Structures are given as structure tokens and as C-alpha cells.
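Start at 1 with the first residue, then count along the sequence. A quick note: this is a predicted structure, and the numbers were derived from the prediction, not measured.
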Amino acid sequence: MSRWQELTGGTSGREYAARFAAVARSGKDVHGEARFCAALVPAGARVLDAGCGTGRVMIRLAELGYDCVGVDLDASMLAVAREQAPQLPWFQADLAEFEPRLLGIAGEFDLVVAAGNIFPLLAAGTEATVVGRLAAALRPGGLLVAGFGLDEAHLPVPPGIALPEYDDCCAAAGLALVDRFATWDADPYDGGGYAVSVHRRGDG
């Protein structure tokens, strides 16, 4: 069982969506992740939203002209995503077992984004497997973008994977670090409790 399932019981989709809707109504920007990704690859690029949740990031990317696929294990989150954007491709799958062909879709994504603390909320011990699965879904030269908390102040669960461990997982999967930021607004990373990492598949 993933840490996310232990935390939520797999029933938090509507509550999660309502929380972001309230933030949006307050006038705050809720599209930093999509804007960050859009600065990395041109419109029309193929994007996999790994751990897409209720679809906030992917729906915005689709609006910006990206060819998107969303994958998540939590049925309650996907139910909200499908209600909000029934025209987009949403799949229920465990990222540790993710293979595009088994879902009837092509691989060769230009960018894979894992926002929303995906890696710290995986089932313990599956982090390297998930990185490998996501790396395999990239085209040569494609990018893996992951943002996640590193301390208790930035996580709803005890801290899990640390940056050196994550970088080791990426290196083992053929990914090289391109850049690292402190926020989705691309603020420089200074060793704080949250990081957004960009890795590139190296056989491009």
C-alpha cells in the first residue's frame, strides 16, 4: 500500500479538488506546475502526468495545447478528473507497474511530470522502480520533472526519499540532472525543504 493510500484511504478526491478550488477563488495562482512544464517543451509536445490526481496540472497543460495523458492509482481522484475533463485520457494504474503499451497508449513522451509529492507518497521501496518506469516512457532526450517535499514542513507524511537518493535512482535509469529549483516558479534551490528537479533521458 502506498503512503498516499495509508494517509487518505483512497477517498479524498473531492476534498482535494475543493481545497484547490478555494485557493483559486482567493485569487492565488494554481497553475505554477503547468507553467513550469510549458517553459521546457513546446506546445504540442506529449506529456505524461504521473500521479495526475484530480487533473489540475494536466487539464491546464491540455488547455495550453499539449498532448496529455494522466495516470493515477486513486480512483476517487480520477473520478474528479474525468468529471472535469471527460475528453482527456485518464488511466488508473500503479506507477510501479506502469507500461504505456499495456494501457493501449504510445510511450515516447517528451516530458513526464510528477507533481504533488508523488515520490514521498509512493509505497516504500518502490521509488527506484517508479523512476525506471517513467524514464522508460520518455523519448530519447525527454525530461522527467518532479517536485516534492523533503522535510516535515513540506510533507503530510514523514520525510521519505532524499535528493541524493532520488538522483541515484535517476542515474540508474539513464537520467541526468539538468537543473533543480526551490519552487515551481523556478526560484534557485538553496538546500531548502522543497525541490523541483529536472532530469533528462541521456540517449537523445
Side-chain angles (χ1 to χ4, degrees), residues 13 16-72 74 77-78 80-91 95 108-121 131 134-135 137-139 141-150 153-156 163 166-167 170 175-201 204:
Y16 187 89
R19 188 163 75 247
F20 274 99
V23 171
R25 285 194 300 271
S26 75
K28 293 182 180 178
D29 177 34
V30 296
H31 297 304
E33 299 98 329
R35 188 169 57 250
F36 184 96
C37 293
L40 295 175
V41 290
R46 297 190 69 235
V47 176
L48 172 66
D49 190 347
C52 62
T54 58
R56 175 178 54 86
V57 176
M58 177 167 143
I59 291 170
R60 180 58 177 161
L61 283 170
E63 291 172 349
L64 294 173
Y66 291 86
D67 180 9
C68 300
V69 173
V71 176
D72 203 285
D74 188 324
M77 304 284 270
L78 286 171
V80 175
R82 288 171 175 142
E83 286 179 10
Q84 294 182 339
Q87 77 281 9
L88 296 178
W90 309 102
F91 294 93
L95 293 178
E108 299 282 297
F109 288 94
D110 298 295
L111 184 145
V112 173
V113 57
N117 285 321
I118 298 305
F119 281 98
L121 291 168
V131 171
L134 298 183
L138 286 167
R139 66 165 176 78
L143 299 173
L144 171 62
V145 179
F148 53 86
L150 303 164
H154 295 86
L155 287 169
L163 286 179
Y166 177 68
D167 287 342
C170 288
L175 302 172
L177 181 66
V178 175
D179 218 334
R180 176 162 285 142
F181 304 93
T183 68
W184 291 100
D185 290 324
D187 295 317
Y189 182 70
D190 59 1
Y194 190 90
V196 180
S197 305
V198 182
H199 287 78
R200 185 185 304 277
R201 181 167 163 174

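Pro120 approaches Gly149 most closely through the heavy-atom pair CG-O, 3.7 Å. Here the shortest heavy-atom pairing between Ala146 and Phe119 reads CB-CE1, 3.8 Å. Residues Leu61 and Cys68 share a closest heavy-atom pair of CB-SG, 3.7 Å. When all heavy atoms of Cys52 and Gly70 are compared, the pair lying nearest together is SG-C, 3.7 Å. Between Ala81 and Gly53, the shortest heavy-atom distance links the atoms CB-O, 3.8 Å. Between Ala50 and Ile118 the shortest heavy-atom distance is O-CG1, 3.5 Å.
Here Leu138 pairs with Val112, Leu144, Leu175, Arg201 under the side chain to side chain contact (heavy atoms under 4.5 Å, CB included) rule; sequence neighbours left out. Taking Phe109 as the reference, nothing meets the ring-ring contact (aromatic ring centres under 6.0 Å, His included) condition, with sequence neighbours excluded. For Phe181, the ring-ring contact (aromatic ring centres under 6.0 Å, His included) partners are Phe36, not counting sequence neighbours. Listed by chain and number, the residues in a side chain to side chain contact (heavy atoms under 4.5 Å, CB included) with Arg35 are Asp29, Asp185 (sequence neighbours excluded). When the side chain to side chain contact (heavy atoms under 4.5 Å, CB included) test is applied to Leu88, the partners found at least two apart in sequence or on another chain are Met58, Ile59, Ala62, Ala85, Trp90. Partners of Asp67 by salt bridge (Lys or Arg N to Asp or Glu O under 4.0 Å), not counting sequence neighbours, listed by chain and number: Arg46. The side chain to side chain contact (heavy atoms under 4.5 Å, CB included) check on Leu64 picks up Ala38, Arg60, Tyr66, with sequence neighbours excluded. Asn117 is linked by a side-chain hydrogen bond (donor to acceptor under 3.5 Å, both in side chains) to nothing, counting only residues two or more places apart in sequence or in another chain.
Residues in residues 191-200 take part in no salt bridge (charged side-chain N to carboxylate O under 4.0 Å, His left out) pair, two or more places apart or across chains.
Considering only heavy atoms from C-beta on, Leu95 comes within 4.5 Å of Val71 through its side chain. Residues Arg56 and Gln84 form no side-chain contact, since every pair of their non-hydrogen atoms from C-beta on lies 4.5 Å or further apart. Within the 4.5 Å cutoff, no side-chain heavy atoms of Leu143 are placed close to those of Asp110. Using a 4.5 Å heavy-atom threshold, the side chains of Leu40 and Leu111 count as touching. In this structure, Val145 and Ser197 have side chains that are not in contact, with every pair of non-hydrogen atoms separated by 4.5 Å or more.
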Practice task
Applying salt bridge (Lys or Arg N to Asp or Glu O under 4.0 Å), run through Arg180 and Asp167 and close with a yes or a no.
Solution key: CA-CA 11 Å; Arg180 176 162 285 142; Asp167 287 342; 2.6 Å; yes

Practice task
Check the pair Val69, Val47 against side-chain contact (heavy atoms from CB on, under 4.5 Å), reporting the backbone distance first and the verdict last.
Solution key: CA-CA 6 Å; Val69 173; Val47 176; over 6 Å; no

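Note on ring orientation: taking the six-membered ring where Trp is involved, the planes of Tyr194 and His154 are tilted (angle from 30° to 60°).
Between the side chain of Asp187 and the backbone N or O of Ala182, no donor-acceptor pair lies under 3.5 Å.
One distance of note links OH of Tyr166 with CG of Leu150; it measures 11.5 Å at 0.5 Å rounding. Here OG1 of Thr183 is found 12.5 Å from OH of Tyr189. Values are rounded to the nearest 0.5 Å. With values rounded to the nearest 0.5 angstrom, Leu134 atom CG is found 9.0 Å from Cys170 atom SG. Considering CZ of Phe91 and CG of Leu78, their distance stands at 10.5 Å, rounded to 0.5 Å. Taking CD of Glu83 as the start and OG1 of Thr54 as the end, the distance is 11.0 Å to the nearest 0.5 Å.
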